[in-house]
There are 4 protein chains.
Amino acid sequence: MPRKPADQTVRREDILLAAAAVFRERGYAGATMAHIARRVRLTAGSLYHHFPAGKQDLLLAVLNVGMDTVIAQLEAILAQNLPPAETLRRMIEAHAMAVTQNVSVGAAMVFEIRTLIKLPPDDPSAAERDAFLARRDKFERLFRVVIERGIQEGVFRPVDVGLFTKALLGAQNWIGVWYREDGKLRGEQIAAHMAETFLAALGCFCSKTDASD
Amino acid sequence: MPRKPADQTVRREDILLAAAAVFRERGYAGATMAHIARRVRLTAGSLYHHFPAGKQDLLLAVLNVGMDTVIAQLEAILAQNLPPAETLRRMIEAHAMAVTQNVSVGAAMVFEIRTLIKLPPDDPSAAERDAFLARRDKFERLFRVVIERGIQEGVFRPVDVGLFTKALLGAQNWIGVWYREDGKLRGEQIAAHMAETFLAALGCFCSKTDASD
Amino acid sequence: MPRKPADQTVRREDILLAAAAVFRERGYAGATMAHIARRVRLTAGSLYHHFPAGKQDLLLAVLNVGMDTVIAQLEAILAQNLPPAETLRRMIEAHAMAVTQNVSVGAAMVFEIRTLIKLPPDDPSAAERDAFLARRDKFERLFRVVIERGIQEGVFRPVDVGLFTKALLGAQNWIGVWYREDGKLRGEQIAAHMAETFLAALGCFCSKTDASD
Amino acid sequence: MPRKPADQTVRREDILLAAAAVFRERGYAGATMAHIARRVRLTAGSLYHHFPAGKQDLLLAVLNVGMDTVIAQLEAILAQNLPPAETLRRMIEAHAMAVTQNVSVGAAMVFEIRTLIKLPPDDPSAAERDAFLARRDKFERLFRVVIERGIQEGVFRPVDVGLFTKALLGAQNWIGVWYREDGKLRGEQIAAHMAETFLAALGCFCSKTDASD
DNA sequence: CATGAATGAGAGTTCATTCAT
DNA sequence: GATGAATGAACTCTCATTCAT
């Protein structure tokens with residue numbers, strides 16, 4: 001009754017991406033372990049070898065991977081200490097690229113936070129959930145801070161930073177909803193256009209400074 | 001506008017709003033008929049008197065109500081034949097207001113289109129589903145057209161209209177995700193800020209023309 | 001898809017007895033909801049209408065019913081304030097009768113306490129579990145007290161009351177294991193013999209005093 | 001008595017005891033191969049090297065070991081041809097000691113016979129099961145015979161031998177349920193008290209004859 | 001011998017839906 | 001209209017068991 005000749009071993013990450021894809025297509029609640037398993041040619045039960053805590057665990061893993069990737073990139077950009085406009089441009093582009101490069105994970109971050117929040121407070125994953133939400137807030141703050149700095153320095157038009165950030169992130173998150181890997185728009189184009197749009201919205205039409213990084 | 005016996009009308013709409021609220025909180029797949037029924041003090045079975053086709057029917061009804069409202073408002077604005085900048089401002093504001101005034105319905109429109117798309121093609125509701133998706137496309141086109149016109153007339157900075165519209169709608173849809181009825185931001189403020197942001201992004205800083213409508 | 005023409009309604013108690021019977025035959029862990037359901041001509045899912053908390057709930061209900069019955073009878077006997085030997089005889093007989101009259105429930109009380117104890121401490125039923133265990137201890141104490149009194153009064157041979165009670169209850173509980181409703185021994189015979197055996201073991205061969213009750 | 005390579009023998013017995021312990025704690029149906037394996041620091045799969053027929057095999061092995069021990073001891077006592085009262089006393093004590101010395105195995109014999117009986121008739125272990133049940137009946141008969149003889153010889157009060165034996169074995173079996181290795185009662189005390197109780201119940205208060213064995 | 005990965009057969013439970021009352 | 005009881009299909013998760021390594 002067992003199978004799989006070892007050359008075709010399924011790795012944790014494969015399952016994770018499969019889960020993300022299924023979550024994107026059908027939503028967490030609409031996704032079944034069987035859906036996920038089928039993508040990696042396993043049976044539903046076998047997933048529990050890799051993610052003993054089950055579906056919930058899988059969701060948290062997906063979200064964390066996504067957040068890890070994005071935060072790492074943003075922090076790398078911030079570490080360069082570029083001027084606000086350039087920093088924001090790169091952040092928007094990096095974020096948009098991340099979303100298009102792994103739409104499924106991005107979509108999960110957009111759509112399934114709600115699922116997380118509905119977790120009963122006595123759930124064993126509650127701690128991990130809180131940790132994730134904290135990181136998400138931190139992520140949002142990274143954008144806020146840059147925008148605030150730009151306004152203070154007079155490079156950006158004064159705006160309600162909270163509202164503006166929500167608008168920006170809404171637009172960016174939404175990419176994961178409509179973007180098709182096989183569509184005509186490439187990630188770079190989308191990223192560039194997004195940056196341009198929101199920098200313009202901040203009254204900053206300065207062309208891309210080609211700082212050799 | 002003649003009405004059916006008041007009680008009934010109210011009942012149906014109550015259920016609809018209850019459904020929208022539950023869909024917002026738990027997602028379509030995570031919502032149960034019992035959740036919805038409890039909100040209107042009925043039992044799950046009783047809902048079938050009002051929505052014979054069941055859960056799916058409820059979702060479509062919610063989405064249609066939402067779309068009806070928004071499209072009606074947008075068309076009223078377009079009928080006024082105002083200049084593109086002013087038209088767009090009002091459209092954005094009207095849309096944002098609609099989202100904040102009935103967050104649940106708005107959230108359903110954001111989150112549950114996916115559910116609709118996954119409908120098996122042999123489903124009896126497939127026709128209604130297609131009708132809805134067509135109207136959603138029409139809705140998006142209303143924005144596109146105005147933006148295109150503004151660019152042609154030179155009032156707006158030239159942008160990729162498709163991408164720009166996606167960004168705009170992403171930001172607007174996202175409102176339904178973070179907006180709290182009991183929060184400190186009122187719908188008007190949000191609406192105004194959204195309009196300002198995206199008009200600015202189009203290079204149009206003209207202050208609100210107070211055309212007496 | 002629904003069924004059952006109302007004349008054949010299944011009552012809560014029917015399910016309870018069915019559960020007890022299945023628990024007796026296969027043990028709690030070995031019993032399935034389907035086994036229980038089949039006995040009352042329902043499907044497994046339907047049991048959740050009557051016992052929303054499921055299998056665990058069913059076990060606790062069975063145990064509580066059993067304990068209720070026995071304790072009530074014992075207390076009635078104690079209330080008569082008869083001399084220790086007569087009291088003990090009647091208690092043993094009443095207990096034995098209770099066991100033979102509802103073997104399944106009795107067996108559950110014997111075999112499934114263990115199941116209860118293994119309940120994780122964060123289980124929602126933990127409180128009910130504790131309540132049950134407390135009542136079981138009280139039940140055991142009823143016997144102890146009578147035996148102690150008899151020893152003090154010199155009617156009973158001095159024995160280790162704790163150990164003696166365990167022996168007595170072990171013998172009584174065991175009835176539920178071997179007793180067959182269709183066997184040749186009637187409950188009364190068993191009850192009388194048990195009383196006689198343990199009164200004899202206490203050095204008390206006094207014949208049954210026929211106090212007209 | 002020549003032994004197999006020491007390691008193996010030990011291994012097999014370790015597993016057996018581990019199984020008995022787990023069966024006692026959680027019942028056969030509630031025990032998993034993983035539970036058992038963990039106790040001997042193996043994985044579930046590895047158990048199949050030692051007990052190829054799996055869980056069922058383990059149970060039968062546990063029960064047989066228990067029965068072997070007890071029957072051997074009882075037969076040794078019977079072989080001494082002592083008078084009935086003394087024989088019975090020693091049998092009761094030996095049995096009680098066996099139960100307290102290996103509670104887990106004893107508990108399995110008490111609780112898991114039921115499991116055995118539910119074995120489907122086409123099960124490969126059915127023959128072994130029947131053999132075990134036969135030995136259990138033989139075991140019970142050993143007690144019966146001694147009691148009968150005692151009655152015939154007039155040393156014991158006349159009782160219903162079947163019922164009396166059930167009472168005796170019930171009390172003895174029950175020890176395995178309440179006995180705690182770390183409790184205040186030692187096996188010898190329990191054994192002595194049990195013997196005393198049931199000899200008293202047979203009207204035989206003769207003190208322990210200290211036949212030097 | 002031991003393990004880790006896998007399987008397949010349930011088990012408990014949930015839920016949309018139906019229908020007699 | 002409304003309800004309560006019922007169904008059947010699905011879903012998450014568990015587990016004995018197998019086998020390549």
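Nothing here was measured: the structure is a model prediction, and the numbers come from that model. The analysis underlying the following values was restricted to heavy atoms, covering all of them including side chains, and did not include hydrogens, waters or symmetry mates. Below, chains carry the letters A, B, ... as their sequence lines are ordered, and counting in each starts from 1.
Rounded to a whole Å, the CG atom of B:Asp57 is 14 Å from the P atom of E:dA16. The OH atom of C:Tyr48 sits 15 Å away from the C1' atom of F:dA9 (whole-angstrom rounding). In this structure, the CZ atom of A:Arg26 is 13 Å from the P atom of F:dA10, given to the nearest Å. Spacing between atom CE of B:Met33 and atom P of F:dA9 amounts to 19 Å, rounded to whole angstrom units. Here the C1' atom of nucleotide E:dA6 and the CG atom of A:Asp14 are 15 Å apart, to the nearest Å. In this structure, the CZ atom of B:Phe51 is 14 Å from the P atom of F:dG1, given to the nearest Å. For D:Lys55 and F:dT14, the NZ to C1' distance is 11 Å, given to the nearest whole Å. Rounded to whole angstrom, the span from the CZ atom of C:Arg38 across to the C1' atom of F:dT7 amounts to 16 Å.
Aromatic ring orientation, A:Tyr28 versus A:Phe23: tilted (interplanar angle from 30° to 60°).
Taking both residues in full, the closest heavy atoms of B:Arg12 and B:Ala61 are given as NH2-CB, 4.3 Å, listed atom of the first, atom of the second, then distance. Taking each heavy atom of C:Val62 and C:Ala108 in turn, the nearest pair found is CG1-CB, 3.9 Å. Of all heavy-atom pairs spanning D:Ala19 and D:Leu58, the tightest one is CB-CD2, 3.9 Å.
Minimum atom distance to the side chain of D:Arg11 is reached by E:dA2, of the listed E:dA2, F:dT17, F:dT12. Each of E:dT17, E:dT7, E:dG4 was ranked by its minimum atom distance to the side chain of A:Leu42; first place goes to E:dT7. With distances taken from any side-chain atom of C:Thr32 to the nucleotides E:dG12, E:dT3, F:dG1, the minimum falls on E:dG12.
Among the atoms of the strands shown, only primed sugar atoms or phosphate atoms (P, OP1, OP2) are found under 4.0 Å from some heavy atom of C:Ala31.
Residues C:Gly45 and A:Ala44 each lie close to DNA chain F; by heavy-atom proximity, the contact nearer the 5' end of the strand is made by C:Gly45. Comparing C:Gln56 and B:Ala53 along DNA chain E, the residue whose closest nucleotide (by nearest heavy atom) sits nearer the 5' end is C:Gln56. Along DNA chain E, the nucleotide nearest to B:Ala29 and the one nearest to A:Thr43 differ in position, and the one closer to the 5' end is contacted by A:Thr43.
When Watson-Crick and G-U wobble pairs are counted only if both distances are under 3.5 Å, E:dT21 pairs with F:dA2.
Distances shown here put every side-chain N or O of C:His50 at or beyond 4.0 Å from the OP1 or OP2 atom of F:dG4. One finds a side-chain N or O of B:Ser46 lying less than 4.0 angstrom from the OP1 or OP2 phosphate oxygen of F:dT3. Taking side-chain N and O atoms only, D:His49 has no distance below 4.0 Å to OP1 or OP2 of E:dT3.
Using a 4.0 Å cut-off between charged side-chain N and carboxylate O, B:Arg114 and A:Glu112 make a salt bridge.
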